[in-house]
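One structure is given here, and the rest of the page talks about it.
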Protein chains: 2
Amino acid sequence: MTITITLLIVNSTFILYYFHVTDTVNPGKPYDSAEFPPFAVTVDIAIFTIVDEEFSLLLIQRGGDPFKDAWALPGGFVQPDEDLDTAAARELSEETGIDSASHLEQLKTYGAPERDPRMRVVSAAYWAVVPRLGAPSAGSDARRALFVPVREIEAGQYDLAFDHQHIVGDAIERARAKLEYSAIATSFCDREFTLSELRKVYETVWGVPLEPANFARKAQQCEGFLQPLERTISPSSGTGRPAQLFRAGTANEIQPPFKRP
Amino acid sequence: MTITITLLIVNSTFILYYFHVTDTVNPGKPYDSAEFPPFAVTVDIAIFTIVDEEFSLLLIQRGGDPFKDAWALPGGFVQPDEDLDTAAARELSEETGIDSASHLEQLKTYGAPERDPRMRVVSAAYWAVVPRLGAPSAGSDARRALFVPVREIEAGQYDLAFDHQHIVGDAIERARAKLEYSAIATSFCDREFTLSELRKVYETVWGVPLEPANFARKAQQCEGFLQPLERTISPSSGTGRPAQLFRAGTANEIQPPFKRP
DNA sequence: TCAAAAGTGTTAATTCTACACCCATGT
DNA sequence: ACATGGGTGTAGAATTAACACTTTTGA
């Protein structure tokens with residue numbers, strides 16, 4: 001039997017790169033990693049939030065090659081006995097400190113052969129929505145992590161690594177689309193929120209103004225969307241009539257929400 | 001340096017199963033496939049069509065273990081220099097003989113650690129829609145391939161291998177949902193079709209009747225959905241006034257189609 | 001009392017639904 | 001002629017969009 005192996009060192013760990021086995025005793029089809037290559041499987045996450053009335057996405061500046069200094073989505077290897085969803089939740093928690101709670105769902109999987117110049121990497125991309133929070137914890141590595149306005153990414157102001165420009169485009173599209181037929185908007189808000197805050201989410205993500213009066217009516221009519229509380233926002237929090245508080249309802253898929261004008 | 005390898009034979013080819021490398025000269029972190037396991041990456045496809053007014057899905061009966069004799073989605077390994085989309089298109093073509101043309105899109109990726117008892121397999125699931133055609137070509141292997149009514153699958157009448165019951169459920173849901181805001185319905189029809197045929201698609205997939213008059217109006221109003229031909233269906237093809245023929249329009253995403261009642 | 005924000009009422013425009021009716025063809 | 005499926009017209013219902021108006025607070 002002949003065995004040929006090539007290893008690669010990525011992030012100080014060995015990664016199997018090429019592998020070939022020929023059985024000389026019972027010659028059958030050999031195992032050749034050029035034919036059945038060991039894929040690396042990663043997850044990448046597009047984490048959205050609203051910062052200063054800007055629809056924003058978390059990006060990380062890469063510290064090493066390839067694509068040194070370019071920006072990228074947070075992500076990492078899927079561990080051996082970990083589901084993809086679990087890996088994504090772990091990455092989300094590592095980057096933002098947020099456990100479960102918020103919205104996290106699979107976006108799409110990207111597996112073009114040359115998407116990572118080092119080896120064959122298939123990446124399951126996820127997207128998440130977190131309530132506005134302070135600066136993202138920069139993570140255990142001292143990498144720069146930043147919430148960046150989606151507007152600036154779409155304007156091409158960030159040089160993104162790998163195929164992340166493509167992934168980010170898909171994620172933005174999905175997030176905007178899903179506002180229209182799901183209760184995802186509430187994930188941008190804190191646990192308790194007013195109808196104005198919720199409306200601001202739609203206006204910010206879609207970049208259009210919505211009629212406050214009509215919005216309030218529709219939101220409350222919508223079965224399972226909102227859970228009204230018997231309290232108003234603390235009156236001292238601004239001038240004007242104090243707004244009623246709500247929590248997110250139980251329904252994930254909601255019927256007739258708001259149309260993107 | 002110490003190397004430990006376990007190989008597995010799947011479908012008459014070796015698959016790398018376990019792999020461990022320790023560098024005894026420069027002892028660093030060893031490569032251990034229990035930590036960075038080589039994932040196998042496959043694609044599985046849910047191929048939908050309409051057979052005898054039944055919304056149907058292509059299933060294949062497995063010839064070998066595991067899950068011998070259970071039904072499964074067609075699928076296979078992603079080749080080394082193949083994109084995921086390419087692999088899916090290849091599988092679709094192998095199973096149905098259909099090249100490109102029809103609708104094919106990624107559904108979701110499934111990667112639970114124990115989903116395949118043999119090894120760690122991550123499967124990118126796709127879904128496709130093909131026009132009604134004769135019996136599916138049984139493929140190069142002499143496996144049984146069959147279009148099965150979705151109704152019967154939902155009733156649990158088929159024992160599905162791996163996590164394919166789960167995948168199939170997601171695919172059905174997606175197909176039904178996407179009728180509502182895309183031009184996918186035309187993919188169920190032949191290249192030229194009448195409004196009745198198109199309406200029958202909606203009625204069959206959703207399992208509800210639609211008002212023919214209103215349907216025809218909406219379909220034709222809908223920008224980019226249909227391309228009217230100057231011909232009618234051959235009058236001899238039935239009694240009644242011959243219907244006008246249409247082709248699919250150019251738009252993939254259409255604005256205000258038909259609501260699932 | 002005034003400004004500001006929350007929330008309610010109301011009306012005209014639009015869209016949708018249901019069904020009546022006309023059209024073109026085979027028998 | 002008439003049965004059958006294709007296609008148009010239309011009136012009433014339902015929904016929507018726009019804006020005027022009332023309520024509750026801070027200053």
Side-chain angles (χ1 to χ4, degrees), chain A residues 53 179-181 185-186 189-190 192-204 206-223 225-247 249 254-261, chain B residues 53 179-181 185-186 189-190 192-204 206 208-223 225-247 254-261:
Chain A
E53 315 223 337
L179 270 196
E180 203 156 346
Y181 59 95
T186 57
C189 300
D190 292 325
E192 300 188 350
F193 51 86
T194 67
L195 288 177
S196 290
E197 287 165 1
L198 184 62
R199 178 168 47 83
K200 215 82 197 97
V201 169
Y202 285 86
E203 294 181 330
T204 304
W206 284 345
V208 296
L210 295 176
E211 190 67 33
N214 295 335
F215 179 90
R217 251 181 308 235
K218 281 199 214 169
Q220 291 178 85
Q221 276 169 15
C222 190
E223 196 74 28
F225 186 27
L226 298 178
Q227 184 184 343
L229 303 180
E230 296 305 322
R231 294 176 294 111
T232 61
I233 197 171
S234 128
S236 56
S237 66
T239 177
R241 176 171 167 180
Q244 201 194 339
L245 284 171
F246 292 84
R247 284 201 190 143
I254 53 180
Q255 297 299 354
F258 315 102
K259 292 215 195 80
R260 233 192 301 192
Chain B
E53 314 223 336
L179 270 197
E180 202 158 347
Y181 59 95
T186 57
C189 302
D190 292 326
E192 300 188 349
F193 52 87
T194 68
L195 288 177
S196 291
E197 289 165 0
L198 185 62
R199 178 168 45 82
K200 216 88 204 86
V201 170
Y202 285 86
E203 294 179 330
T204 304
W206 285 344
V208 295
L210 294 175
E211 190 68 32
N214 296 334
F215 179 90
R217 249 182 309 235
K218 281 197 214 171
Q220 290 179 85
Q221 278 170 13
C222 191
E223 196 74 28
F225 186 27
L226 297 178
Q227 184 182 344
L229 303 180
E230 296 304 322
R231 295 176 294 111
T232 60
I233 197 170
S234 129
S236 56
S237 66
T239 177
R241 175 172 168 180
Q244 200 193 338
L245 284 171
F246 292 84
R247 285 202 189 140
I254 54 180
Q255 295 300 352
F258 316 101
K259 292 213 195 81
R260 233 191 302 190

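Chain letters run A, B, ... following the sequence lines, proteins first, then strands; residues in each count from 1.
- Separating the CG atom of A/Leu226 from the C1' atom of C/dG7 is a distance of 15 Å, rounded to the nearest angstrom.
- In the set D/dG7, D/dT24, D/dA18, the nucleotide with an atom closest to the side chain of A/Glu211 is D/dA18.
- Among the nucleotides C/dT25, C/dT8, C/dA6, the one closest to any side-chain atom of A/Arg241 is C/dA6.
- In this structure, A/Leu229 CG and A/Phe193 CZ are separated by 8.5 Å, a value rounded to the nearest 0.5 Å.
- In this structure, the CZ atom of B/Arg231 is 19 Å from the P atom of C/dA24, given to the nearest Å.
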Distance-only check: which donor-acceptor pairs under 3.5 Å involve side-chain atoms of residues 194-201 of chain A, not counting sequence neighbours?
unit_1: A/Thr194; atom_1: OG1; unit_2: A/Ser196; atom_2: N; d: 3.4
unit_1: A/Thr194; atom_1: OG1; unit_2: A/Glu197; atom_2: N; d: 3.2
unit_1: A/Glu197; atom_1: OE1; unit_2: A/Thr194; atom_2: N; d: 3.1
unit_1: A/Arg199; atom_1: NH1; unit_2: A/Glu203; atom_2: OE2; d: 3.3

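- Taking atom CZ on A/Phe246 and atom C1' on C/dA6, their separation rounds to 11 Å, with Å as the unit.
- In terms of phosphate contacts, A/Lys218 brings no side-chain nitrogen or oxygen within less than 4.0 Å of OP1 or OP2 of D/dT15.
- Listed candidates were C/dA18, D/dG7, C/dG9. Nearest to the side chain of B/Arg217 is C/dA18.
- Picking from C/dA6, D/dT8, D/dG7 the nucleotide with the shortest atom distance to the side chain of B/Ala213 gives D/dT8.
- For the pair A/Gln221 CD and C/dG7 P, the computed distance is 15 Å after rounding to whole Å.
- The CD atom of A/Gln227 sits 10.5 Å away from the CZ atom of A/Phe246 when rounded to the nearest 0.5 Å.
- More than 12 heavy atoms of other residues, nucleotides or ligands lie within 6.0 Å of CD in A/Glu192, so this atom counts as buried by the packing criterion.
- Across the protein-nucleic acid pair, B/Leu210 atom CG and C/dA18 atom P stand 11 Å apart, rounded to whole Å.
- A straight line from CZ of A/Phe215 to P of D/dT15 spans 19 Å, rounded to a whole angstrom.
- A/Lys200 has its NZ atom 11 Å from the P atom of C/dA5, to the nearest Å.
- The CG atom of B/Asn214 sits 15 Å away from the P atom of D/dA11 (whole-angstrom rounding).
- The side chain of A/Thr239 lies closest to C/dA4 when the candidates are C/dC19, C/dA4, C/dA6.
- Rounding to the nearest 0.5 angstrom, the gap separating the OG1 atom in B/Thr204 from the CG atom in B/Leu179 is 10.0 Å.
- Side-chain N/O atoms of A/Ser196 include none lying less than 4.0 angstrom from OP1 or OP2 on C/dA5.
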